[in-house]
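Before any comments, here is the structure.
All values below were derived from every heavy atom in this structure, side-chain atoms included, with hydrogens, water molecules and symmetry-related copies excluded. Residue numbering restarts at 1 for every chain, and letters A, B, ... go by the order of the sequence lines. Predicted model only: the values in this text are computed from it and were never measured.
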Amino acid sequence: MLQVAAVRANFEDYVKGLGKRSIHNADELLKELIELDDQRKKTQQQLDEIKSKANQIAKNIGQLFKQGKQEEANAAKAESAQLKEQSKALGEQLSETEAALQSKLYNIPNIPNLLVPSGKSEDDNVTVKLEDTNIPNLYEGAKPHWDLIAEYDIVDFELGNKVSGAGFPFYKREGARLVRALVNFFLDEAQKAGYMEVQPPIVINEDSGLGTGQLPDKEGQMYGITDSNLYLIPTAEVPITNMYRDVIVDEKELPIKNVGYTPCFRREAGSWGSHVRGLNRLHQFDKVEIVQIANPENSYQILDEMIAHVENLVKSLELPYRILRLCGGDLGFTSAITYDFEVYSAAQEKWLEVSSVSNFETYQANRLKLRFKDKDGKKTLTHTLNGSGLAVPRILAAILENNQTAEGIKIPTALQPYTGFDFIKVPNS
RNA sequence: AGAGGCGUGGCAGAGUGGUCGAAUGCGGCGGUCUUGAAAACCGUUGUACCGCGAGGUACCGGGGGUUCGAAUCCCUCCGCCUCUGCCA
């Protein structure tokens with residue numbers, strides 16, 4: 001969330017920034033924020049004064065009792081009772097103001113970076129790199145992946161429907177093996193790039209949801225375990241970033257680089273339609289996530305490094321891809337800048353998002369109270385960044401579709417050591 | 001899951017209603033001594049908010065309550081330990 005002091009200092013820039021997200025009443029919003037903060041300060045001043053008086057009286061009463069001055073003590077008690085009422089009322093007022101301020105802050109998204117183009121929808125995203133030279137000329141009988149997986153019987157939606165529900169498929173045979181291969185490949189590559197591997201919990205508590213910005217208000221996107229007040233994670237970003245909630249790290253430790261593989265769970269309420277078939281959108285999918293905690297001084301350099309890492313993965317898998325810079329309207333709530341990776345799915349003839357790499361600057365760090373001690377011992381918010389490296393199902397879909405031949409499916413060379421096979425033959429051939 | 005115990009500053013650990021933001025030790029920082037280091041000795045050392053400042057307020061796992069006054073008493077939640085049970 002935003003810091004009020006920063007809002008005061010950069011008012012005009014922030015209004016402009018929020019404008020890129022098509023928030024047109026930003027100046028009102030931010031003004032309200034400042035007013036609430038002013039009110040908070042004023043109330044606290046009054047409250048502190050009353051409490052100070054009450055503390056003084058309480059001390060005196062102790063003395064009076066010791067000296068045996070009962071009557072004076074009792075008189076002081078009466079005065080104290082009055083102060084108590086005042087302070088109770090003011091205290092409630094203060095809590096209300098703080099809650100209102102907090103809720104306003106929770107509901108204002110991050111300020112987009114200067115590079116972020118304004119725009120309303122994905123149509124306004126900017127392609128910053130296009131590597132489409134690899135787009136295959138598929139043979140006559142080429143099929144979309146949902147037909148391929150049925151034909152080869154390597155992903156089973158029917159079975160998933162029966163056991164769990166729509167969007168929870170079974171992967172079978174080479175399909176299961178491919179998922180495991182991709183996960184291992186991604187993890188190994190991240191480790192080579194200096195990330196520490198972690199295996200985080202896949203349920204999180206409310207504080208963690210608040211820390212990275214899934215809560216409040218976006219509960220609808222997560223599966224909740226209501227009897228325990230926990231949520232299934234929508235991405236490993238949540239547990240891995242929250243490792244550093246309420247932590248003050250040493251400047252020398254930065255950047256901190258962690259990677260983790262987890263299944264991800266998304267309700268995707270309302271986002272189903274005929275355009276999302278097969279593996280394109282699922283309630284449960286596997287993803288390897290890279291997360292960095294960075295010094296604000298070089299977080300954009302680190303963002304570039306993370307983009308390069310993801311680009312390498314896609315290249316190694318020989319997939320045609322493009323990189324987009326998201327416009328304000330398509331930018332996630334907590335992000336200051338996001339680059340999306342999309343791979344081309346030849347049989348569907350469309351681009352599939354497989355990775356999102358973002359810099360959150362201090363937005364998450366402020367919620368997390370994640371700070372570092374700089375050279376002068378001053379505590380400063382870090383920047384947080386993360387990216388998918390990568391999400392499995394759409395990569396799988398693209399591999400199946402782009403690498404299909406009349407005889408079967410070729411496995412990319414880089415993946416072969418992980419799959420243990422280099423080809424999936426057409427059944428009964 | 002049941003019974004009992006516990007949760008205090010970076011760490012260890014005292015503190016059972018006022019003089020406690022909190023003893024003491026360790027660690028950290030500064031200094032004396034030393035060619036240098038160690039040891040010893042002296043000093044210093046929590047965080048957040050409000051205030052131009054003086055200063056004030058809050059914080060002893062979280063939240064609530066009792067009281068003129070709570071680290072201390074009560075309720076509740078969370079976590080840890082021990083025993084019993086269950087389980088991969």
Side-chain angles (χ1 to χ4, degrees), chain A residues 1-9 33-106 199-211 215-216 224-231 238-239 242-253 263 362 365-382:
Chain A
M1 64 192 169
L2 303 179
Q3 302 163 84
V4 181
V7 172
R8 288 177 193 272
L33 210 60
I34 292 175
E35 277 163 23
L36 274 172
D37 193 49
D38 286 339
Q39 199 187 325
R40 188 198 109 244
K41 288 183 183 184
K42 211 177 94 195
T43 312
Q44 193 183 332
Q45 266 174 50
Q46 292 170 348
L47 181 61
D48 282 359
E49 203 178 310
I50 288 171
K51 281 187 166 170
S52 175
K53 263 188 220 164
N55 284 345
Q56 202 53 51
I57 291 171
K59 259 182 207 165
N60 284 341
I61 291 175
Q63 291 300 317
L64 291 173
F65 272 129
K66 251 177 223 167
Q67 295 161 13
K69 298 179 181 164
Q70 287 286 343
E71 276 160 46
E72 282 178 54
N74 286 330
K77 270 195 195 182
E79 192 185 347
S80 174
Q82 209 182 2
L83 285 174
K84 201 186 174 181
E85 261 174 55
Q86 283 181 41
S87 97
K88 200 175 176 189
L90 272 173
E92 273 164 23
Q93 199 183 320
L94 182 63
S95 315
E96 273 169 35
T97 308
E98 279 173 344
L101 181 61
Q102 182 74 255
S103 132
K104 274 249 151 46
L105 282 167
Y106 275 148
Q199 184 63 242
I202 59 173
V203 296
I204 48 125
N205 59 26
E206 200 178 343
D207 284 345
S208 294
L210 287 168
L215 297 174
I225 305 171
T226 46
D227 60 359
S228 317
N229 244 314
L230 298 168
Y231 298 87
V238 182
N242 272 282
M243 289 163 66
Y244 300 93
R245 171 154 48 81
D246 292 317
V247 168
I248 296 171
V249 298
D250 203 290
E251 189 176 19
K252 289 190 288 274
E253 296 170 51
T362 57
N366 189 33
R367 286 199 183 187
L368 294 160
K369 294 197 188 68
L370 164 50
R371 292 163 295 175
F372 71 98
K373 253 189 195 156
D374 68 16
K375 301 144 215 141
D376 310 320
K378 219 182 101 200
K379 293 180 190 71
T380 311
L381 292 173
T382 68

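- Checking each of A:L215, A:V238, A:I225, A:T226 against A:Y231 for a side chain to side chain contact (heavy atoms under 4.5 Å, CB included) leaves exactly one that passes, namely A:L215.
- Under 4.0 angstrom from either OP1 or OP2 of B:C50 there lies at least one side-chain N or O belonging to A:R40.
- With B:A48, B:G56, B:G69 as the choices, the nucleotide that has an atom nearest any side-chain atom of A:S52 turns out to be B:G56.
- Heavy atoms of A:K379 sit under 4.0 angstrom from primed sugar atoms or phosphate atoms, though from no base atom.
- At B:G51, one or more side-chain N or O atoms of A:Q45 fall inside 4.0 Å of OP1 or OP2 (strictly under the cut-off).
- Of the two residues near RNA chain B, A:K59 and A:A81, the one whose nearest nucleotide lies more 5' is A:K59.
- Atom C1' of nucleotide B:G62 and atom NZ of A:K369 are separated by 13 Å, given to the nearest angstrom.
- With both ends at atom C1', the span from B:A88 to B:C80 equals 23 Å, rounded to whole Å.
- Put simply, A:N55 has a side-chain N or O that comes within less than 4.0 Å of OP1 or OP2 on B:A58.
- For CD of A:E49, the number of neighbouring non-hydrogen atoms (other residues, nucleotides, ligands) closer than 6.0 Å is 12 at most.
- In a base pair of the Watson-Crick type (N1 to N3 plus N6-O4 or O6-N4) or a G-U wobble (N1-O2 and O6-N3), with each distance short of 3.5 Å, B:A40 is matched with B:U32.
- As a whole-Å value, the separation of A:K378 NZ from B:A48 C1' is 16 Å.
- Residue contacts for A:I61: at a heavy-atom cut-off of 4.0 Å it reaches a base atom on one of the strands shown.
- Taking atom CG of A:D38 as the reference point, atom C1' of B:C50 lies 13 Å away to the nearest angstrom.
- Pairing for B:A58 is with B:U47, a Watson-Crick or G-U wobble pair whose two hydrogen-bonding atom distances lie under 3.5 Å.
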> Between A:R371 and A:L381, does a side-chain contact (heavy atoms from CB on, under 4.5 Å) hold up when you go through it step by step?
Replying inline: CA-CA 4 Å; A:R371 292 163 295 175; A:L381 292 173; 3.6 Å; yes
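- Across every strand in view, B:G4 sits in a pair with B:C81 that passes the Watson-Crick or G-U test at under 3.5 angstrom.
- Under a cut-off of 6.0 angstrom, the local environment of CD in A:E71 is sparse, with at most 12 non-hydrogen atoms contributed by other residues, nucleotides or ligands.
- Picking from B:C68, B:G56, B:A48 the nucleotide with the shortest atom distance to the side chain of A:S80 gives B:C68.
- B:U66 and B:G51 are spaced 33 Å apart, taking the C1' atom of each and rounding to whole Å.
- B:C6 and B:C68 have their P atoms separated by 29 Å, with the value rounded to a whole Å.
- Atom P of B:C29 sits at a distance of 11 Å from the matching atom of B:A38, rounded to the whole Å.
- Here the separation of B:G64 from B:C26, taken at their C1' atoms, is 37 Å to the nearest Å.
- Separating the CD atom of A:Q46 from the P atom of B:C49 is a distance of 20 Å, rounded to the nearest angstrom.
- With rounding to whole Å, A:L47 atom CG is found 15 Å from B:G51 atom C1'.
- Atom NZ of A:K51 is separated from atom P of B:G51 by 16 Å (rounded to the nearest Å).
- For the pair A:A54 and A:A58, both in contact range of RNA chain B, the more 5′-proximal nearest nucleotide belongs to A:A58.
- Spacing between B:U76 and B:U24 at atom C1', rounded to whole Å, works out to 34 Å.
- With B:C50, B:A48, B:C68 as the candidates, the nucleotide lying closest to the side chain of A:K77 is B:C68.
- At distances below 3.5 Å, at least one donor-acceptor pair connects side-chain atoms of A:T43 with backbone N or O atoms of A:Q39.
- A:K41 comes within 4.0 angstrom of the backbone, heavy atoms only, and of no base.
- Taking atom C1' in both B:A70 and B:A58, one finds a spacing of 14 Å when rounded to whole Å.
- Pairing for B:U24 goes to B:A12, judged as Watson-Crick or G-U wobble with the two contacts each under 3.5 Å.
- We find that A:D48 and A:K51 are not joined by a salt bridge, their nearest charged nitrogen and carboxylate oxygen being 4.0 Å or further apart.
- For the P atom pair drawn from B:G21 and B:G56, the interatomic distance equals 12 Å after rounding to whole Å.
- By the 4.0 Å N-to-carboxylate-O rule, A:R8 lies close enough to A:D38 to be salt-bridged with it.
- Atoms CG (A:D48) and P (B:A58) sit 7 Å apart, rounded to a whole Å.
- Atom P of nucleotide B:G62 and atom CG of A:L210 are separated by 18 Å, given to the nearest angstrom.
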